[in-house]
S.K.: 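Below: one structure in structure tokens.
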Amino acid sequence: MDAAEARDLAQAWLDEPLAPAARRLLTGAVEAFAARGYHATATRDIAARAGLSPAGVYVHFPSKEELLYQISLIGHRGTVEVVRAAAVVSDDPVHRLRAVIAAITAWHARYHTTARVINYEMAALTEQHRAQIATLRREIDSLVRQTLEDGVAAGVFDVPDVRGTTLALLSLTIDVARWFRATGDRAPEQLGELYGDLALRMAGHRG
């Protein structure tokens, strides 16, 4: 996790009603899960990163899975918030699609370590926790799909397969977390602008 992401992540945790030690545990868990994978990470690894004893983890979280769930919940809620904010920038489907895809992309770039964990470790969640996260993901999916449908209805998009295009667009934004590095050529916002324009091309917009 680079310094910029660590700073942004620390600020995101501050917005949550958590004890300082719990915030350190969440950050430590993100780093450990991203580096070693959920199943290969021991509770003591997370505790060491947070400066606590292994027993200290259970003061704040009942299990390793609960840590993953809280990371996933906070991360997906953050994504939903930026998508909702982007969706109200305009009633025009063209502007809305560009803004929404740009926002999702920038979020996955800015929080790329966290995003890798919450997108690629979902199978480790309990069935109940996975269902709750799936509800948040469906909201994002629904908003992008509705924007495409609005554009088709308005005659500004040519999308024969709205469902497939929605999946393709979201897959592109999520994959950013796999390869993005803060030392690259583009900042998260710049990458968001690029992907926003690509989304319009995928939607068949001729503007």
S.K.: In terms of side-chain geometry, is the basic nitrogen of D92 or R96 positioned less than 4.0 Å from the acidic oxygen of its partner?
M.R.: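 Salt bridge flag = no for R96 with D92.
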S.K.: Please tell me whether T135 and R138 have a donor and an acceptor in their side chains that are separated by less than 3.5 angstrom.
M.R.: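 Indeed, the side chains of T135 and R138 share at least one donor-acceptor pair under 3.5 Å.
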S.K.: Taking I46's backbone N and O only, do any of them form a donor-acceptor pair with K64's side chain (distance below 3.5 Å, no angle check)?
M.R.: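 Checked: no pair found.
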S.K.: Donor-acceptor pair, T173 side chain versus L170 backbone, under 3.5 Å?
M.R.: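 Pair found, side chain donor or acceptor close to backbone of L170.
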S.K.: Is the backbone of H95 close enough, under 3.5 Å, to the side chain of S90 for a donor and an acceptor to pair up by distance?
M.R.: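 No; judged by distance alone, with no hydrogens or angles, the pair does not exist.
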S.K.: Under the side-chain hydrogen bond (donor to acceptor under 3.5 Å, both in side chains) criterion, do Y58 and T43 qualify, and how do the steps go?
M.R.: CA-CA 9 Å; Y58 300 106; T43 304; 3.3 Å; yes
S.K.: With side-chain hydrogen bond (donor to acceptor under 3.5 Å, both in side chains) as the criterion, how do E65 and Y38 come out once you've worked through the C-alpha distance, each side chain's angles and the decisive distance to 0.1 Å?
M.R.: CA-CA 9 Å; E65 190 274 341; Y38 174 82; over 6 Å; no
S.K.: Would one find more than 12 heavy atoms of other residues, nucleotides or ligands at under 6.0 Å from atom CZ of R44?
M.R.: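 No, the 6.0 Å shell around CZ holds no more than 12 heavy atoms from other groups.
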S.K.: Under the salt bridge (charged side-chain N to carboxylate O under 4.0 Å, His left out) definition, can you give me all pairs with a residue in residues 160-176, not counting sequence neighbours?
M.R.: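 Sorted result for residues 160-176: D175-R178.
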S.K.: Can you tell me if Q190 uses its side chain to pair, donor with acceptor, with the backbone of A187 under 3.5 Å?
M.R.: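 Side chain of Q190 to backbone of A187, a donor-acceptor pair under 3.5 Å: yes, one is there.
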S.K.: Between R186 and E193, is the closest basic N to carboxylate O distance under 4.0 Å?
M.R.: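 Here E193 does not pair with R186 in a salt bridge, since their nearest N and O are not under 4.0 Å apart.
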S.K.: Check for a donor-acceptor pair, side chain of H112 on one end and backbone N or O of H108 on the other, with a separation under 3.5 Å.
M.R.: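 No: the side chain of H112 does not pair with the backbone of H108.
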S.K.: Between R36 and D45, does any NZ, NE, NH1 or NH2 come within less than 4.0 Å of an OD or OE carboxylate oxygen?
M.R.: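 Here D45 pairs with R36 in a salt bridge, since their nearest N and O are under 4.0 Å apart.
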